[in-house]
Participant: 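My questions all concern the structure below.
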Amino acid sequence: MDDLFPETRERLVLAPGAVLLGGFAKAEAPALLRAVESVAEQAPFRQYRTGGGRLMAAAMTSCGSYGWISDGHGYRYVRTDPLTGRLWPVMPAVFSILAERAARVAGYAGFVPQCGLINRYEAGAGMGLHQDRDERNMKAPVVSVSLGLSAIFQWGGARRQDARRNVPLHHGDVVVWGGSSRRNFHGILPVRSAPAVEGLGCRYNLTFRVVD
DNA sequence: AAGTATCT
DNA sequence: GTTG
């Protein structure tokens, strides 16, 4: 429960292989948001169900050569959007360039994301503690970009019962995790409603992954 | 009690 | 093995 203050957030190592880059994407934020809109026009936000059949609180869409979905076959990556029947929108260059830069700064050179998953959290929405393990490729890191409303990121360990650290994520923050922390548990506490940030009344989280 | 699937 |  150690909250971190802005002045300590420049570059914070969360675990071996995991780092928070405070404000890393702030300059590109307006362009990233325009790209989010463009993706959403081609592949609308929708809510999937959890393994237990409950509606997930966050609305999602994807871009790139793979998109993440949840359906009767489980959580998986597919090449076409089940909602439109078309390929996922091309990943905007501003996404892939930022993701590559962030990964490189975090120690993962040569990161070429195959999936850009966009999660939209309205006030009250969160995501329970989980591992990212639907990717066949576990060598590449996960790159996560926060935009809009702030949220508390729960950063855990390799086991569900491991201690968690509450890390506030703000507009423009980037978290990269890979190596021995690639499968660490993590989640997002319900987003608290707050005044819009740079005109945004919700939180977007962009996560970039190599799938295979 | 609940819509998964699965890995070295 | 997990979630509410």
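Protein chains get the first letters and strands the later ones, always in sequence-line order, with residue 1 at the start of each.
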Participant: For the pair made of CZ in A:Arg54 and P in C:dG4, what is the distance, rounded to whole Å?
Facilitator: 7 Å
Participant: In whole angstrom, give the distance that lies between atom CD of A:Gln131 and atom P of B:dC7.
Facilitator: 15 Å
Participant: In whole angstrom, what separates A:Lys139's NZ from B:dT8's C1'?
Facilitator: 11 Å
Participant: Within this structure, what is the CG-to-P distance between A:Asp212 and B:dC7, rounded to whole angstrom?
Facilitator: 14 Å
Participant: Considering only residues two or more places apart or on different chains, which pairs with a residue in residues 21-31 of chain A satisfy side chain to side chain donor-acceptor pair (under 3.5 Å)?
Facilitator: A:Glu28-A:Arg101
Participant: Tell me: CD1 of A:Ile69 to P of B:dT4, nearest whole Å?
Facilitator: 15 Å
Participant: Strictly below 4.0 Å, N to O, side chains only: are A:Glu135 and A:Arg133 in salt-bridge contact?
Facilitator: no
Participant: Residues of residues 45-52 of chain A with any non-hydrogen atom less than 4.0 angstrom from an atom of DNA chain B: list those, numerically ordered, please.
Facilitator: A:Arg49, A:Gly51, A:Gly52
Participant: Distance check needed: C:dG4 C1' versus A:His130 NE2, whole Å only.
Facilitator: 17 Å
Participant: If I take atom CZ in residue A:Arg133 and atom P in nucleotide B:dA5, what distance separates them, rounded to the nearest angstrom?
Facilitator: 13 Å
Participant: How about A:Asn119 and A:Thr207: does a side-chain donor come under 3.5 Å of a side-chain acceptor?
Facilitator: no
Participant: What is the ring orientation for A:Trp177 with A:Phe153, classed by angle as parallel under 30°, tilted 30 to 60°, or perpendicular over 60°?
Facilitator: tilted
Participant: More than 12 heavy atoms of other residues, nucleotides or ligands under 6.0 Å from CZ of A:Arg192: yes or no?
Facilitator: no
Participant: Do any side-chain atoms of residues 52-62 of chain A form donor-acceptor pairs under 3.5 angstrom with protein atoms, and if so which ones, sequence neighbours left out?
Facilitator:
| residue | atom | partner | partner atom | Å |
| --- | --- | --- | --- | --- |
| A:Thr61 | OG1 | A:Ala43 | O | 2.6 |
| A:Ser62 | OG | A:Trp68 | N | 3.2 |

Participant: For residues 56-68 of chain A, which residues have at least one heavy atom under 4.0 Å from DNA chain B?
Facilitator: none
Participant: Main chain of A:Arg183, side chain of A:Gln131: is a donor-acceptor contact present, judged purely on distance under 3.5 Å?
Facilitator: yes
Participant: Check for me whether A:Arg203 meets the cation-pi criterion with A:Tyr121, that is, NZ or CZ under 6.0 Å from the six-membered ring centre and within 45 degrees of the ring axis.
Facilitator: yes
Participant: Among side-chain atoms of A:Thr80 and A:Arg86, is any donor-acceptor pair under 3.5 angstrom?
Facilitator: no
Participant: Expressed as a whole number of angstroms, how long is the span from A:Gln161:CD to C:dT2:C1'?
Facilitator: 12 Å
Participant: If you write DNA chain C from 5' to 3' in dot-bracket form, with Watson-Crick or G-U pairs under 3.5 Å, [ ] for crossing pairs and | for pairs with another strand, what do you get?
Facilitator: .||.
Participant: Between A:Asp132 and A:Arg209, does any side-chain N to carboxylate O distance fall below 4.0 Å?
Facilitator: yes
Participant: Using side chain to side chain contact (heavy atoms under 4.5 Å, CB included) as the criterion, list what pairs up with A:Val211, not counting sequence neighbours.
Facilitator: A:Tyr66, A:Tyr77, A:Gln114, A:Cys115, A:Arg136
